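These notes are about the structure you will find just below.
Keep in mind that what you see is a predicted model, and the values were worked out from it rather than measured.
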Amino acid sequence: MALSMTQQIGTLAGATVPDSSAGESTAAVSAAAVWKSPTASLKCKVMRTDGCAEGLSPPLSPCRSPVLRADLSAACQAFTAEVAEEEYVAGGKEEKGKGKEGVPVFVMMPLDSVTAGNAVNRKKAMNAAMAALKSAGVEGVMMDVWWGLVEREKPGEYNWGGYVELMEMAKKHGLKVQAVMSFHQCGGNVGDSCTIPLPKWVVEEIDNDHDLAYTDQWGRRNYEYISLGCDTLPVLKGRSPVQCYADFMRAFRDTFKHLLGDTIVEIQVGMGPAGELRYPSYPEQNGTWKFPGIGAFQCYDKYMLSSLKAAAEAHGKPEWGSTGPTDAGHYNNWPEDTQFFRKEGGGWDGPYGEFFLTWYSQMLLEHGDRILSSATSIFDNTGVKISVKVAGIHWHYGTRSHAPELTAGYYNTRFRDGYLPIAQMLARHGAIFNFTCIEMRDHEQPQEALCAPEKLVKQVALATQKAQVPLAGENALPRYDEYAHEQIIRASQLDVDGESGDREMCAFTYLRMNPHLFEPNNWRKFVGFVKKMKEGKSAHKCWEEVEREAEHFVHVTQPLVQEAAVLMH
């Protein structure tokens with residue numbers, strides 16, 4: 001019989017690779033028990049807060065010692081406890097006697113962490129990866145909880161299968177969880193590595209009534225997310241979409257109530273494509289849109305048009321209610337290619353443009369408001385934070401019209417702040433504003449498209465500060481280089497106006513757990529990044545000291561990292 005991949009690794013390493021489901025977590029072993037083990041030839045230099053160092057001799061390879069390999073996870077936990085000063089929880093729990101410092105780092109799990117059969121995908125790899133992340137000082141993980149997997153077969157029938165196991169695995173390793181209520185399709189967006197459609201019975205309803213799908217002016221239907229135009233209508237087997245979302249969240253709460261507020265610390269509520277509060281204005285599927293095109297308005301299903309008609313009549317301009325802008329170009333045009341978005345005399349800046357863009361963006365805000373009302377009620381008094389993700393649409397930001405933001409539903413122009421209304425809506429519900437593209441610098445992007453991610457992040461930081469909403473961040477694209485890490489660290493400190501005081505991002509979620517993250521050079525840089533983020537703007541250690549500590553984390557976690565990298569391929 002051929003050896004499994006895990007057995008092969010164990011044989012090569014001279015040790016048995018433990019099964020993720022076997023026994024209790026080694027994390028429960030005390031630090032004293034680990035370090036007093038007779039086989040503990042593992043000696044690490046521990047950098048204490050007083051700057052002293054001890055234990056300079058390098059360890060023998062843990063892979064060569066079966067007993068030590070079994071204790072490795074506990075050793076990593078003990079090492080973490082020795083050098084880490086504080087534990088952080090997203091949203092701001094403070095250690096007794098100390099103010100909150102630093103930014104906790106979470107790591108996004110693979111999109112396909114749960115299989116179509118509702119089991120954990122690559123279980124041993126997940127187990128090794130979680131152990132490595134915890135030992136490196138990572139606060140927790142973010143996982144997509146897919147509507148299309150859990151409630152796939154019949155309305156009201158929920159199969160939490162793999163998620164129960166994943167949540168328990170995270171708890172075993174002492175990791176917090178940001179759970180994303182993913183009411184969208186996986187597949188068709190940047191970085192989507194698998195396809196998970198909406199539930200079968202939802203797709204059947206869309207097939208029967210195509211207007212349940214977002215629609216552009218050419219009649220193209222988008223199955224990524226149900227049109228917000230029918231949010232409150234009983235179009236899904238007698239329930240409205242908002243009722244379906246609420247029932248799903250309620251079932252999640254009841255299933256995982258024993259973990260809420262302790263292991264599960266945040267619920268990110270999906271609001272649109274890619275889980276973001278926006279319209280699907282720039283769909284990559286089938287090559288419809290390519291960066292840096294302006295995208296297209298998504299208001300041509302009958303439900304959206306009915307709302308537009310009513311709004312136009314209420315405005316005293318019924319002639320404006322029959323259609324959206326007809327001169328806004330195509331997905332891959334640039335602003336100056338179009339009559340509507342051009343800087344001089346563009347329709348966006350006239351009376352009709354103001355009416356339409358106000359209606360279009362307000363519909364999105366009301367959609368967010370409806371779902372958040374349900375979410376905050378359902379998760380009230382559970383100890384979890386609620387968050388909403390907003391897309392970082394940075395291309396053509398330097399133009400007057402900000403066309404790609406407008407088609408996505410953000411009424412942000414050179415003369416109008418489109419992010420303050422979003423922040424104010426979130427503030428009413430006590431929700432966290434989660435924003436992407438934190439890793440990007442202006443000069444890295446194509447300047448002919450007037451990309452300005454740094455300026456955009458600054459605008460959002462100021463809007464959240466004004467609305468008094470916590471700001472969290474994500475990187476939009478996978479990055480493993482220190483240049484991107486330094487940009488994230490800088491952005492997370494929110495020094496946007498010279499008067500931010502001790503305000504920092506409440507959390508940062510790193511995209512994403514995959515084999516590349518665990519490559520030796522990438523892992524070394526990532527561990528250093530996590531340490532620097534946790535130090536924060538009030539750091540009492542110099543970077544050199546932090547980097548020295550990080551080097552020892554890297555050394556201790558090496559076997560776990562090697563295991564995770566091999567098993568995830």
Side-chain angles (χ1 to χ4, degrees), residues 205-235 240-242 272-273 277-283 288-289 293-370 400-413 416 418 421:
E205 293 285 23
I206 299 175
D207 287 341
N208 292 333
D209 180 2
H210 290 163
D211 285 290
L212 298 181
Y214 281 117
T215 308
D216 64 21
Q217 70 183 90
W218 305 279
R220 180 188 178 279
R221 309 286 185 175
N222 188 305
Y223 276 44
E224 287 183 71
Y225 187 86
I226 299 170
S227 169
L228 62 80
C230 55
D231 264 357
T232 60
L233 303 177
V235 293
S240 71
V242 170
L277 178 64
R278 65 174 176 86
Y279 294 99
S281 55
Y282 49 99
T288 302
W289 171 88
I294 58 175
F297 292 111
Q298 306 290 312
C299 59
Y300 293 86
D301 63 79
K302 68 182 181 185
Y303 302 105
M304 291 291 284
L305 287 175
S306 174
S307 171
L308 177 62
K309 183 174 185 293
E313 289 172 354
H315 194 72
K317 290 284 188 178
E319 65 273 20
W320 288 352
S322 60
T323 182
T326 56
D327 56 355
H330 201 274
Y331 286 98
N332 293 310
N333 283 138
W334 286 31
E336 289 305 306
D337 299 336
T338 74
Q339 177 66 37
F340 189 78
F341 292 119
R342 69 183 188 184
K343 63 181 180 182
E344 297 291 349
W348 65 275
D349 199 25
Y352 167 72
E354 182 179 356
F355 158 76
F356 173 79
L357 294 170
T358 298
W359 167 80
Y360 189 68
S361 60
Q362 188 63 31
M363 289 287 282
L364 188 65
L365 286 170
E366 291 173 2
H367 170 69
D369 192 61
R370 278 190 289 270
R400 292 184 188 177
S401 64
H402 293 233
E405 292 163 85
L406 299 184
T407 57
Y410 307 154
Y411 191 177
N412 192 55
T413 71
R416 179 189 173 100

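L233 places none of its side-chain heavy atoms less than 4.5 Å from the side chain of S240. Under the 4.5 Å side-chain criterion, counting only non-hydrogen atoms from C-beta, P325 is in contact with F356. L212 has its side chain out of reach of Y223: every pair of non-hydrogen atoms, C-beta onward, lies at least 4.5 Å apart. Contact of the P241 side chain with the V235 side chain is registered, since non-hydrogen atoms from C-beta on lie closer than 4.5 Å. Residues C299 and Y279 fail the side-chain proximity criterion, which asks for heavy atoms closer than 4.5 Å.
The line from OG1 of T232 to NE2 of H367 is 11.5 Å long, rounded to the nearest 0.5 Å. Note: L228 CG to M304 CE = 4.5 Å, rounded to the nearest 0.5 Å. Here CZ of R278 is found 9.5 Å from OG1 of T407. Values are rounded to the nearest 0.5 Å. With values rounded to the nearest 0.5 angstrom, Y360 atom OH is found 12.5 Å from L365 atom CG. Between the CD1 atom in I206 and the CD1 atom in I226 there is a gap of 5.5 Å [rounded to 0.5 Å]. One finds the CE atom of M363 at 13.5 Å from the OG1 atom of T358 (value rounded to the nearest 0.5 Å).
With sequence neighbours left out, the salt bridge (Lys or Arg N to Asp or Glu O under 4.0 Å) criterion links R400 to E344. Scanning for side-chain contact (heavy atoms from CB on, under 4.5 Å) contacts around K317 gives H315, E319, W320, with sequence neighbours left out. For the salt bridge (Lys or Arg N to Asp or Glu O under 4.0 Å) test, no residue two or more places apart in sequence or in another chain qualifies with D207. Remark: R416 pairs with Y411, T413 by the side-chain contact (heavy atoms from CB on, under 4.5 Å) rule, at least two apart or across chains. Remark: Q217 pairs with no residue by the side-chain hydrogen bond (donor to acceptor under 3.5 Å, both in side chains) rule, at least two apart or across chains. Every residue meeting the ring-ring contact (aromatic ring centres under 6.0 Å, His included) condition with W289, not counting sequence neighbours, appears here in chain and number order: Y282, W395. Take K343 and apply the salt bridge (Lys or Arg N to Asp or Glu O under 4.0 Å) test, not counting sequence neighbours, and it matches no residue. Considering only residues two or more places apart in sequence or on other chains, F341 meets the ring-ring contact (aromatic ring centres under 6.0 Å, His included) condition with F297. For N333, the side-chain contact (heavy atoms from CB on, under 4.5 Å) partners are I294, H330, D337, T338, not counting sequence neighbours.
At distances below 3.5 Å, at least one donor-acceptor pair connects side-chain atoms of W348 with backbone N or O atoms of R342.
Residues A403 and P335 come closest through the heavy atom pair CB-CG, 4.1 Å. Across every non-hydrogen atom of Q298 and Y331, the tightest pair is NE2-OH, 3.1 Å. For S281 against A408, the heavy-atom pair with the smallest separation is OG-CA, 3.3 Å. Nearest heavy atom pair, residue G409 against residue S361, reads O-CB, 3.4 Å. Annotation for P273 and Y225: closest pair N-CB, 4.1 Å, computed over non-hydrogen atoms.
Among residue pairs with one or both ends in residues 357-369, those qualifying as salt bridge (charged side-chain N to carboxylate O under 4.0 Å, His left out) are D369-R428; sequence neighbours excluded. Within the structure, side-chain hydrogen bond (donor to acceptor under 3.5 Å, both in side chains) contacts touching residues 300-312 (residues at least two apart or in different chains) are D209-Y303, S227-D301, S307-W359, K309-E313. Sorted by first and then second residue, the pairs that involve residues 215-235 and meet salt bridge (charged side-chain N to carboxylate O under 4.0 Å, His left out), not counting sequence neighbours, are D211-R221, D231-R370.
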